[in-house]
Amino acid sequence: MRKKPLYLIVCIFITTLFSGCFAEAVDRVLGSASENPVTPVSTETVPTQTTPAQTGASAQPTVQATVVPSPSSAQEIFVWEAARFGGLPKPDKLQLITPVAAEEGGVYQGFLATEEDYRAYAKAVEAAGFVSEEGVIAEAGGLLYAGMNAGGDGAVISFADGAGAIQYWPYAPVSPEWPSGEWPDLPVPDVAIAEAEATGGGSYIYQTEVWPSEDFIAYREWCKEAGYTLELVEGEDDGDLLFSAFNKAGDQIMIELSMTDPQHPTGIIVLTKAQGRAAARGRLP
């Protein structure tokens with residue numbers, strides 16, 4: 001089975017989540033259902049049911065429970081289209097509030113839920129094989145679970161302020177040839193491309209063969225000379241070399257050189273056009 005580095009999924013978030021904010025996108029998700037308002041989640045006091053055998057000292061007291069009301073008759077109910085979401089489990093306790101939408105090689109669907117049900121679904125996604133080393137993380141004012149299965153398919157389950165989105169991207173290999181036509185201003189790296197992949201965030205990811213560190217550093221400087229100097233980030237992370245920057249048009253390049261095997265370092269190059277990143281932002285809660 002294919003074993004893909006976790007960094008590929010991380011690239012998807014970096015180019016989508018952190019260039020926008022959860023609050024604005026939640027409004028977009030909820031806005032898609034504004035013509036048929038959804039009854040909000042409410043908290044009510046719900047008495048537990050008791051049997052004669054439970055009366056007396058063993059009887060249970062009244063408890064607080066979170067109740068998610070059923071949609072009103074005016075609210076359209078969207079069904080789970082399992083075939084379009086690969087191996088993701090059915091979200092039984094999430095209230096789907098948008099139709100399935102396809103964009104940039106993947107699909108997504110908005111939902112309403114309690115945080116408890118969101119976390120439970122994230123665990124179910126992990127149990128289905130979409131593994132994350134981090135689990136549910138708090139980022140950008142909301143919660144995020146992102147995992148990848150053994151075949152390279154990716155899933156991101158995001159959540160904030162009672163609303164969220166389920167996103168799924170099947171593994172989509174592309175030509176390993178360098179996209180000179182789409183990126184005429186970007187230098188061609190002097191390294192062999194081992195594998196290429198398109199992600200749902202409008203990005204292209206290239207995995208390289210052995211890439212000597214001096215050649216990596218030289219390429220990083222060529223990118224700066226080509227105008228990739230805005231919001232620049234460069235440095236090291238556990239010995240790996242990192243570089244990320246935008247040009248004036250809003251296009252982004254991210255490169256990383258893995259030094260796990262110092263004698264045979266390999267790289268990852270992520271290219272994201274400005275319009276691809278903007279489209280990805282628009283579908284996240």
Between [X] (side chain only) and [Y] (backbone N and O only), is there a donor and an acceptor less than 3.5 Å apart?
| X | Y | result |
| --- | --- | --- |
| E256 | I269 | no |
| D153 | Y171 | yes |
| S132 | G147 | no |
| D251 | A274 | yes |
| D240 | M259 | yes |

Just so I know, are the side chains of [X] and [Y] near enough to count as touching, which here means a heavy-atom distance under 4.5 Å?
| X | Y | result |
| --- | --- | --- |
| F111 | T98 | no |
| L232 | F243 | yes |
| L144 | V156 | yes |
| Q109 | F85 | yes |
| L88 | V125 | yes |

Exercise: identify the closest heavy-atom pair between I193 and Y206: CG2-CD2, 3.7 Å
For [X], side-chain hydrogen bond (donor to acceptor under 3.5 Å, both in side chains) partners two or more places apart:
| X | result |
| --- | --- |
| E115 | R119 |
| D261 | H264 |
| S258 | T260 |

How are the rings of F159 and Y118 set relative to one another: parallel (under 30°), tilted (30 to 60°) or perpendicular (over 60°)?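 It falls in the parallel class, under 30°.
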Using the test side chain to side chain contact (heavy atoms under 4.5 Å, CB included), find all partners of P91 that sit at least two apart in sequence or belong to another chain. W80, L94, L96, Y121, I166
Taking only residues two or more places apart in sequence, or in another chain, which ones meet V191 in a side chain to side chain contact (heavy atoms under 4.5 Å, CB included)?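 Counting only residues at least two positions away or on another chain, V191 forms a side chain to side chain contact (heavy atoms under 4.5 Å, CB included) with P189, T208, W211.
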Distance from [X] atom [atom1] to [Y] atom [atom2], nearest 0.5 Å?
| X | Y | atom1 | atom2 | answer |
| --- | --- | --- | --- | --- |
| Q167 | I157 | CD | CD1 | 8.0 Å |
| Y204 | T272 | OH | OG1 | 10.5 Å |
| L257 | D237 | CG | CG | 12.5 Å |

Is it true that atom CG of D190 has more than 12 heavy atoms of other residues, nucleotides or ligands lying nearer than 6.0 Å? no
Could you pull out all donor-acceptor pairs under 3.5 Å where a side-chain atom in residues 214-221 meets a protein atom, sequence neighbours excluded?
{"residue": "Y219", "atom": "OH", "partner": "P187", "partner atom": "O", "Å": "2.8"}
{"residue": "R220", "atom": "NH1", "partner": "E234", "partner atom": "OE1", "Å": "3.4"}
{"residue": "E221", "atom": "OE2", "partner": "K224", "partner atom": "NZ", "Å": "3.2"}

Show, in sequence, the C-alpha distance, side-chain angles and deciding distance for S244 and Q252, and conclude whether the side chain to side chain donor-acceptor pair (under 3.5 Å) test is met. CA-CA 7 Å; S244 172; Q252 182 185 22; 3.1 Å; yes
